[in-house]
2 protein chains.
Amino acid sequence: MPKPTLFGAIERPRSLPDEVAQSVMSAIATGALKPGDKLPSEAELSANFNVARTVVREAISLLKFDGVVDSRRGVGAFVANREERTSFRISPACFEKRREIIKLLQLRTSVQSGAAALAAELRSDTQMEVIEAVLQELLVANAKGPEDALEERVEAELRLYRLITAASENEYFCDVVNMIEANIQNYLRSAFMKNAAASEFEPGAIMEHKAVVAAIKNKAPEAARAATRTRFTNASNSLAARQDFA
Amino acid sequence: MPKPTLFGAIERPRSLPDEVAQSVMSAIATGALKPGDKLPSEAELSANFNVARTVVREAISLLKFDGVVDSRRGVGAFVANREERTSFRISPACFEKRREIIKLLQLRTSVQSGAAALAAELRSDTQMEVIEAVLQELLVANAKGPEDALEERVEAELRLYRLITAASENEYFCDVVNMIEANIQNYLRSAFMKNAAASEFEPGAIMEHKAVVAAIKNKAPEAARAATRTRFTNASNSLAARQDFA
DNA sequence: GATTAGCAGTTGTCTGACAACCTACATTGT
DNA sequence: ACAATGTAGGTTGTCAGACAACTGCTAATC
């Protein structure tokens with residue numbers, strides 16, 4: 001039996017390196033540390049935060065990994081230019097303001113549209129079969145209505161567009177979509193998001209899904225691109241238009 | 001006087017944590033380590049690689065940071081599912097095969113098109129003035145021809161599309177475009193790429209740039225989107241069609 | 001038989017030390 | 001005076017060992 005959520009999840013203390021890294025990161029974000037500035041030495045940071053130098057080192061190494069800082073042995077660590085960052089990641093902070101979610105969905109719309117167009121061009125027949133099967137699952141789940149099959153339907157939709165992206169034969173599209181989805185899934189398991197998902201049980205949304213799949217089946221890249229954009233733009237708009245949207 | 005390249009750049013030994021991280025990463029990529037598998041303990045890894053445990057710890061912490069592995073105190077570190085990765089980054093390896101560059105440019109085309117559409121919608125008048133000024137710079141540099149102003153022209157083009165992206169008022173687009181550009185700039189300073197850039201000194205390319213800017217000026221999102229896609233698709237195609245493209 | 005206590009193994013953090021390296025200044029030779 | 005050289009101090013990179021916090025399992029205990 002699934003454990004009832006009797007107690008709220010306790011917040012486990014995050015690791016020290018993460019906290020140090022985030023602290024330095026926010027100093028950079030707020031402009032307290034500008035590109036080119038020298039970070040305090042590891043010894044100083046270690047004293048300031050009252051942690052061991054190994055902790056500081058791990059924190060700095062994370063920032064280096066993303067190209068946020070650049071350290072030179074014997075000299076020090078410096079804040080890099082914003083254009084030199086070598087990774088794209090979504091900060092948890094962005095989920096605090098719901099306005100930010102819209103921006104994230106805008107990016108996803110763009111990427112997903114491009115992936116759909118490529119998929120329409122490059123898909124194999126077996127990939128097409130799987131995509132159509134998942135669409136069928138989505139239709140079945142949708143017919144059950146929001147009360148019975150919400151999770152099932154959301155999961156099917158997720159899988160559908162993952163498969164479409166995979167059919168683009170371009171791992172970069174897959175990675176970006178994956179990451180955006182992962183972040184949304186992680187941070188937005190809220191009642192708000194469930195309500196939003198439930199509101200997608202409409203004939204219109206289903207028609208749009210069908211249009212996307214049909215275009216890919218017909219090997220019509222431009223149609224697939226347009227249909228995908230329509231679908232995701234509508235989803236984003238209906239989210240923004242909700243009463244409970246802060 | 002600029003030092004003549006008498007000696008080739010010596011290859012400095014990369015940091016040990018990076019090497020360990022990459023080694024583990026490639027073990028995951030090749031499937032030697034599958035999602036859910038337990039990594040060897042830090043002590044074992046430290047013995048295998050013949051490095052200190054701090055080095056192994058830094059390496060693991062990098063992978064954790066990207067959501068590639070997940071470690072639990074008292075238990076061990078485990079390979080995470082591919083869908084749980086929390087960052088998008090471009091591996092240097094992808095520049096070894098030029099085929100991969102095309103895929104990267106496909107992604108960039110998608111993102112840049114979306115950004116242009118948003119920019120057409122949201123741009124301010126002052127932003128527009130700056131964009132037009134940079135376009136003018138580009139035209140001037142272009143008139144000088146490939147021999148005299150190659151760097152200048154490439155730089156202007158870069159700045160132009162950065163500004164357009166910034167006008168979208170969506171930092172996610174900026175970050176993705178920034179990162180892709182940074183990687184291309186870092187790894188592709190080769191003669192090959194210079195030749196490719198030189199081949200962009202054509203009337204057609206210029207016309208396409210103008211079309212993008214005009215659409216943004218007219219606040220025509222769809223036109224901006226289409227023009228941008230045309231421009232970048234053509235650039236990608238002409239790159240792929242080159243003789244020296246492996 | 002169920003509960004509890006302990007044990008071995010693992011990750012997280014701390015401490016101290018040394019190596020590799022850079023910068024700036026002093027030293028020296030011309 | 002000036003250039004080359006050496007030296008000292010500071011910083012990052014790596015190493016080694018220790019202990020704390022935690023987990024899963026096993027054996028002892030009631």
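Order of the sequence lines fixes the chain letters, A, B, ..., with proteins taken first and strands second; residue numbering starts at 1 for each chain.
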Separation of atom [atom1] in [X] from atom [atom2] in [N], rounded to whole Å:
X: E44(B); N: dT11(C); atom1: CD; atom2: C1'; answer: 13 Å
X: R73(B); N: dC19(D); atom1: CZ; atom2: P; answer: 17 Å
X: I60(B); N: dG12(C); atom1: CD1; atom2: C1'; answer: 13 Å
X: R57(B); N: dC19(D); atom1: CZ; atom2: P; answer: 18 Å
X: F78(A); N: dC22(C); atom1: CZ; atom2: P; answer: 12 Å
X: K38(B); N: dT23(D); atom1: NZ; atom2: P; answer: 15 Å
X: E58(A); N: dT12(D); atom1: CD; atom2: C1'; answer: 16 Å
X: E19(B); N: dG13(D); atom1: CD; atom2: C1'; answer: 14 Å

Among dC14(C), dG12(C), dC15(D), which is the nearest nucleotide to the side chain of L16(B)?
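Closest nucleotide to the L16(B) side chain: dC15(D).
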Which listed nucleotide (dT11(C), dT14(D), dT12(D)) is nearest to the side chain of E42(A)?
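For E42(A), the side-chain atoms sit closest to dT12(D).
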Spell out yes or no: do the side chain of R72(B) and the base of dG24(D) have one donor N/O and one acceptor N/O closer than 3.5 Å?
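By the distance-only test, no, there is no pair.
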Any donor-acceptor pair under 3.5 Å between the side chain of R53(B) and the base of dG12(C)?
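Result: at least one qualifying N/O pair found.
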Here's a test of your reading of the structure: between V75(A) and V51(A), which maps to the more 5' nucleotide of DNA chain C?
V51(A)
With a 4.5 Å heavy-atom cut-off, do L118(A) and E169(A) have their side chains touching?
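L118(A) does not reach E169(A) side chain to side chain.
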Can you check whether S61(A) reaches L62(B) side chain to side chain, under 4.5 Å on heavy atoms?
yes
Regarding A43(B), tell me which of base, sugar-phosphate or nothing describes its non-hydrogen contacts under 4.0 Å with the strands shown.
nothing
Look at all strands and tell whether T54(B) reaches a base, only sugar-phosphate, or nothing, counting heavy atoms closer than 4.0 Å.
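Since a base atom lies under 4.0 Å of T54(B), the category is base.
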Answer yes or no: is there a donor N or O on one side and an acceptor on the other, between the side chain of S113(B) and the main chain of T109(B), under 3.5 Å?
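Indeed, once roles are kept as given, a pair shorter than 3.5 Å links the two residues.
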Y172(A) ring centre to R108(B) NZ or CZ under 6.0 Å, with the angle to the axis within 45°?
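No; the conditions do not both hold, so R108(B) does not lie above the ring face of Y172(A).
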Compare every heavy atom of G36(A) with every heavy atom of F78(A), then report the nearest pair and how far apart it is.
CD2-O, 3.6 Å
State whether S71(B) places a side-chain N or O below 4.0 Å from either non-bridging phosphate oxygen (OP1 or OP2) of dT10(C).
no
